[in-house]
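Contents: one structure, followed by commentary.
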Amino acid sequence: MMYSKAEVVQAINMSLGAMHCTRCADGFEPNEKIVNSNGELWHTQCFVCAQCFRPFQDGIFYEFEGRKYCERDFHVLFAPCCNKCGEFVIGRVIKAMSASWHPQCFRCQLCAKELADSGFIRNQNRALCHECNAKVKAEITGRYVCQKCHGLIDEEPLRFRGEVYHGYHFNCTACGTELDSTAREVKSRPGLAANDMNELYCLRCHDKMGIPICGACRRPIEERVVTALGKHWHVEHFVCAKCEKPFLGHRHYEKRGLAYCETHYHQLFGNLCFVCNQVIAGDVFTALNKAWCVHHFACSVCDTKMTQKSKFYEYDEKPVCKKCYDRFPNELRRRLRDAHENTMKKNV
Amino acid sequence: MSQSTVSCLPPKMSKAKKVLDEARETGECELDLVEKGLVSFEELPGLFNMSNITRLTLSHNKISLINPGIANLLNLEILNLSNNQLRELPVSLSSMPKLRILNVCINRLDNLPRGFGAFPVLEVLDLSYNNLNEQVLPGNFFGMETLRALYLGDNDFEYLPKEVGQLKNLQILGLRDNDLLELPREVGDLARLRELHIQNNRLQVLPPEVAQLDLLSNKSVMKMEENPWVNPIAEQYLLGISHVIEYLKTDTYKIIYNRHMQGGRSGPPPPKADKSKKASRVRA
Ligand SMILES: [Zn+2]
Ligand SMILES: [Zn+2]
Ligand SMILES: [Zn+2]
Ligand SMILES: [Zn+2]
Ligand SMILES: [Zn+2]
Ligand SMILES: [Zn+2]
Ligand SMILES: [Zn+2]
Ligand SMILES: [Zn+2]
């Protein structure tokens with residue numbers, strides 16, 4: 001099918017004896033108007049629609065199987081109607097799904113993408129693009145669809161920039177090795193949601209890149225890194241060695257290569273007040289292998305507050321003020337004194 | 001027998017009553033009534049209505065009985081009756097919901113009430129310098145799971161019940177100056193213990209399980225002098241506590257200990273100390 005425009009020339013300087021009308025085969029008169037269409041010559045009265053025998057308006061005609069038709073007759077006789085919009089399809093016709101379509105009217109029935117140049121797949125009497133067809137198939141089989149080749153992925157998929165792929169479509173950014181699902185996606189701009197700059201590395205190259213590895217789970221840390229105890233940690237994996245709750249930025253205490261929350265550090269290593277059994281926040285009074293908060297450092301017999309300078313006696317490893325000690329039964333004081341002297345002797 | 005009533009009080013307002021009035025005025029939560037010559041709670045009118053108080057210190061008085069009404073002090077956390085003349089304790093004490101520290105050292109307690117061990121949150125219990133022994137401990141005594149410190153020094157224990165091992169939170173166990181002949185193996189179950197006072201008893205051996213305890217850290221105290229230890233322990237003790245603990249771990253010692261416990265000990269048990277001069281022995 002074609003649409004053409006013919007040219008009308010004046011037969012002036014042509015050697016008329018050698019020329020014939022393509023339709024009637026007669027020669028041409030001198031100075032007669034001659035139609036030239038792609039090198040074929042016609043009498044103007046012979047250059048007419050093969051159907052209605054009328055001249056072509058503006059010289060525009062449509063050709064089909066060697067015959068020329070006016071626009072109206074051509075459409076009536078030959079031009080297909082678009083299955084979508086019902087208009088004649090002039091120019092490029094898409095023949096598909098047992099019908100004709102304008103290229104811009106033939107679209108994927110799920111995502112409405114034009115299919116004229118990308119091809120289509122017939123799926124349950126629907127024309128679908130490759131992607132949609134793959135998705136539909138994947139939904140049925142429960143497998144992943146590669147975002148690159150649209151084929152189903154049989155093994156573990158490679159995850160990259162939020163999509164899934166066959167690993168073999170990619171190569172390690174560093175060494176070029178073909179990748180598989182163990183490949184590591186490296187965020188080029190940590191912390192940002194945009195992942196279009198991310199790159200893929202094979203495990204070996206990834207490990208060599210010095211990306212911090214979590215001291216607890218041994219996996220790379222791509223978000224916030226906590227550095228403590230000479231190691232790196234995922235925020236949620238840096239936990240109290242006793243209660244295993246993450247510190248999440250709260251203060252931690254280190255002891256013998258382990259980290260503890262405030263409560264457990266004090267519970268395990270001291271500084272709980274002997275009287276209130278609470279963590280001592282301010283000044284700590286220490287004596288007789290115990291600790292006291294400012295409010296509770298007192299004589300254990302009369303509860304009178306003592307200061308750092310107060311002199312006290314020891315009774316069962318508890319402090320006793322002089323006033324109280326003097327009120328102890330005589331025989332108890334005597335025994336305590338003897339015991340004290342004996343220890344002094346032993347320690348000499 | 002005379003019963004003291006309010007009308008018996010001296011006409012002049014007592015010092016103790018003044019302390020109470022002041023506390024009521026200022027809203028003070030801690031009451032200091034040390035050495036006020038108090039004989040009875042009757043001298044503290046209205047005390048049991050002061051439910052806001054958190055500490056009551058009555059040391060160095062002459063109180064012989066605690067009025068059961070004391071249990072009305074629902075917010076009381078610390079009760080200190082050191083150096084009084086208490087012969088017994090009311091069972092109502094054990095129901096006090098916030099009582100964390102009870103100090104009744106230097107009194108004349110011959111027994112403890114039935115159900116005494118019911119304290120819900122008691123952490124420190126000082127019963128030292130009384131007349132207690134294993135026979136008078138109520139059945140639930142070692143049910144006080146919240147106990148951090150138990151002072152039983154200067155009493156008359158010959159044996160310590162093996163239930164002591166149930167005191168999972170115990171950090172301090174004071175048994176100084178008793179008549180102890182042995183310690184139960186269950187002492188080794190007190191995983192948090194860091195003070196063990198057993199000086200001045202009649203102990204010849206220690207259960208090997210004592211070596212499981214953390215008695216050597218810089219926060220720990222192990223007092224074991226003045227006991228008739230078997231020779232190998234006495235020798236190690238001269239070198240230091242750490243040597244004793246290491247020795248308790250040896251197989252040699254385990255054999256010695258087992259033989260001793262099977263009655264292999266020679267001669268009669270070591271004599272008790274003379275306690276007739278103890279103030280707790282005074283009979284009113
Ligand atoms: Zn159309
Ligand atoms: Zn589509
Ligand atoms: Zn693919
Ligand atoms: Zn690589
Ligand atoms: Zn981790
Ligand atoms: Zn913790
Ligand atoms: Zn405190
Ligand atoms: Zn004092």
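Below, chains carry the letters A, B, ... as their sequence lines are ordered, and counting in each starts from 1. We use all heavy atoms of the structure for the numbers below, so side chains are in, but hydrogens, waters and symmetry mates are not. Please read these numbers as outputs of a predicted model, since none were measured by experiment.
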Filtered by a 4.5 Å non-hydrogen cutoff, the part of residues 295-302 of chain A contacting chain B is Ser300(A), Val301(A), Cys302(A)
Decide if atom CG of Asp283(A) counts as having more than 12 heavy atoms of other residues, nucleotides or ligands within a radius under 6.0 Å. no
Would you mind checking which part of Ile172(B) comes under 4.5 Å of any heavy atom in chain A, side chain (CB onward), backbone (N, CA, C, O), both or neither? side chain
Counting only N and O atoms by type, is there a donor-acceptor contact under 3.5 Å from the side chain of Arg100(B) to the main-chain atoms of Asn277(A)? no
Please classify the contact between Ser128(B) and chain A as side chain, backbone, both or neither, with a heavy-atom cut-off of under 4.5 Å. both
Kindly check if the number of other-residue, nucleotide or ligand heavy atoms within 6.0 Å of CZ (Arg333(A)) is above 12? yes
Least distance between heavy atoms, Arg194(B) atom then Asn289(A) atom: NH1-O, 3.7 Å
What residues, two or more places apart in sequence or in another chain, satisfy side chain to side chain contact (heavy atoms under 4.5 Å, CB included) together with Asp154(B)? Tyr315(A), Leu332(A), Arg335(A), Tyr129(B), Arg176(B), Asp177(B), Lys278(B)
Take atom NZ in Lys168(B); do more than 12 heavy atoms of anything else shown fall under 6.0 Å from it? yes
Select one option (side chain, backbone, both, neither) describing which atoms of Glu195(B) are under 4.5 Å from chain A's heavy atoms. side chain
Counting only heavy atoms closer than 4.5 Å, note whether Ile78(B) contacts chain A via side chain, backbone, both or neither. side chain
Please look at Glu77(B) and chain A and tell me whether the side chain, the backbone, both or neither of the residue comes under 4.5 angstrom of a heavy atom of that chain. neither
Among residues at least two apart in sequence or on other chains, which ones pass side-chain hydrogen bond (donor to acceptor under 3.5 Å, both in side chains) with Tyr151(B)? none
Got a sec: does the CD of Glu158(B) have more than 12 other heavy atoms crowding it under 6.0 Å? yes
For Asn52(B), all residues meeting side-chain hydrogen bond (donor to acceptor under 3.5 Å, both in side chains), sequence neighbours excluded: none
Would you check, one step at a time, whether the test side chain to side chain contact (heavy atoms under 4.5 Å, CB included) holds for Asp126(B) with Lys318(A)? CA-CA 11 Å; Asp126(B) 193 335; Lys318(A) 293 193 287 185; 2.5 Å; yes
Between CD of Glu331(A) and NZ of Lys275(B), what distance do you get to the nearest 0.5 Å? 10.0 Å
Glu35(B), part contacting chain A, at a heavy-atom distance under 4.5 Å: side chain
Using every non-hydrogen atom in the two residues, find where Asp303(A) and Arg55(B) come nearest and quote the distance to one decimal. CB-NH1, 3.4 Å
Is there a side chain to side chain contact (heavy atoms under 4.5 Å, CB included) between Thr304(A) and Val34(B)? Walk through the geometry before answering. CA-CA 9 Å; Thr304(A) 301; Val34(B) 178; 5.6 Å; no
Just wondering, are more than 12 heavy atoms of other shown residues or ligands nearer than 6.0 Å to CZ in Phe157(B)? yes
Taking the side chain as every heavy atom from C-beta outward, state whether Asn342(A) and Glu225(B) have any atom pair closer than 4.5 Å. no
Pairwise distance CG(Asn83(B)) to CZ(Phe328(A)) - rounded to 0.5 angstrom: 7.5 Å
Highest number of heavy-atom pairs under 4.5 Å with chain A: which of Gln199(B), Lys223(B), Glu30(B)? Lys223(B)
Distance, nearest 0.5 Å, that separates NZ of Lys290(A) from CD of Gln171(B): 10.0 Å
